Amino acid sequence: MGTEGGPNVYDAEPIPAEAKAEIERLLSSGDLFRYTAPADAPVAKLERDFAELMGSTYALAVSSCSAALFLSMLALDLKPGAKVLIPAFTFAAVPSAVVHANCVPVLVEVGDNFRIDMTDFRAKLAAGADAVLISHMRGHTSDMDQIMALSDAAGVPVIEDAAHSLGTLWNGKKIGTVGKVGCFSFQSYKLVNAGEGGILITDDPEVAARATIMSGAYEYNWAKHYGLAEHCAKWQNRLPLYNMRMQNLSAAVIRPQLPLVETRAAQGLRNHDQVARALNQSPFLQVPPPLPQETRAPDSLQFLLQDFTDAEALAFQDAAKKRGVSVQIFGLSKDNARAYWNWGFLGPQPDLPQTRGMLRKAVDTRLPARLTESDCDFIARAILDAASEVKERAVVAA
Ligand SMILES: Cc1ncc(COP(=O)(O)O)c(C=O)c1O
């Protein structure tokens with residue numbers, strides 16, 4: 001059980017039993033490194049399965065989504081100092097990956113619907129950008145129709161950070177396949193959990209080949225990647241090796257979860273929509289709707305407090321916790337890694353009033369796919385009662 005008797009939202013899904021036999025086999029043989037076997041290592045099979053699942057030509061499994069983002073920027077041959085547009089609402093690892101690639105992140109405003117503000121995007125693209133990196137933060141897809149049209153017209157490549165978006169569709173197409181490169185995370189609290197891990201997908205053989213070598217396919221190990229030999233050969237010894245490979249044990253944990261993606265996505269959406277419908281009945285709360293092109297795959301819920309002072313927002317957080325549901329307001333929790341003003345490693349940044357205003361009233365709560373209808377009812381009730389208690393107290397005090 002969770003806080004004070006609420007549903008347990010912290011445990012991840014159990015790892016399918018098939019993983020255990022494969023892990024046992026790998027432990028008995030000690031075959032943990034992806035390049036030991038002459039062919040068809042578990043990591044190579046994962047890449048083939050993931051590319052097939054997504055309908056993309058190439059997949060490269062790596063140590064994290066951050067590594068996938070970093071390698072994408074280098075594979076696109078972005079030069080030191082290149083400007084990369086990113087949303088100002090994302091996880092600190094994203095601007096960090098940009099800095100790691102020797103590029104300069106340019107933060108774009110995010111609106112009250114958790115998506116990139118297109119007016120600010122247009123202005124910052126027009127001011128000069130070398131790449132666009134879109135985090136579909138917490139699975140909220142930014143307007144990829146407009147972003148692709150504008151970026152294509154400007155000749156600027158788009159990387160999708162789909163860390164939270166496995167299973168999401170945009171106009172019926174899998175998210176992560178809309179831009180030139182898509183990056184996913186297998187870190188815990190993602191739809192597919194391996195503790196750590198990431199994967200990059202693309203249809204561009206040059207990007208795939210360069211990323212493969214830089215991920216650590218030294219000497220001729222790139223020949224063990226499906227369909228890339230001819231493209232890798234010309235980069236032999238010409239690119240640095242960053243050694244961000246995935247190991248076989250991670251692939252053994254991930255592969256049996258891939259057939260579950262669709263079901264988990266559908267369950268996550270069902271849970272999300274059940275709680276969202278309930279919260280939208282309250283005058284104190286608002287769950288922004290999806291964009292019309294989007295079919296979401298959420299495993300958490302974000303909503304906005306309506307006309308709460310900071311003190312009321314914090315009182316709401318406490319009141320929900322007392323009722324057994326842990327919620328967090330992104331912009332009011334100390335040192336939150338998703339609040340851009342805490343990214344001190346970037347140096348001074350211009351203020352972004354829209355994103356700042358949104359983060360101070362945006363509430364985050366976990367809502368894993370495995371929850372039941374009555375768990376979701378419990379969560380919705382606790383949130384509604386906590387909001388009413390705080391706002392009604394405010395009316396009495398006035
Ligand atoms: C939006 C977003 N992008 C990227 C990442 C990085 O993922 P990883 O932990 O696999 O490096 C995260 C981490 O949770 C994230 O929230």
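One-based numbering, in listed order, for ligands and for the atoms of each. Note that the structure is a prediction, hence the values are computed from the model and not measured.
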- Item | Ile199 vs Val62 side-chain heavy atoms within contact, under 4.5 Å | no
- Residue pairs, two or more places apart or on separate chains, that pass salt bridge (Lys or Arg N to Asp or Glu O under 4.0 Å) and touch residues 207-227: Asp77-Arg210
- Can you list every pair that meets side-chain hydrogen bond (donor to acceptor under 3.5 Å, both in side chains) and has a residue in residues 89-108, with sequence neighbours left out? Thr90-Ser135
- Task: Might you list the protein residues in contact with ligand 1, defined as having a heavy atom under 4.0 Å from one of its atoms, sorted by chain and number?
- Result: Ser64, Cys65, Ser66, Thr90, Phe91, Val94, Met137, Asp161, Ala163, His164, Ser185, Gln187, Lys190, Gly197
- Message: Suppose clustering is done on Ile, Leu, Val, Met, Phe, Trp and Tyr with side-chain heavy atoms closer than 4.5 Å. Which residues sit in the same group as Val104?
- Response: none
- Taking it one step at a time, do Phe316 and Phe284 satisfy ring-ring contact (aromatic ring centres under 6.0 Å, His included)? CA-CA 11 Å; Phe316 161 77; Phe284 310 125; 10.0 Å; no
- Message: Quick one about Tyr340 and Asp351 (side-chain donor to acceptor, distance below 3.5 Å, no hydrogens or angles considered), yes or no?
- Response: yes
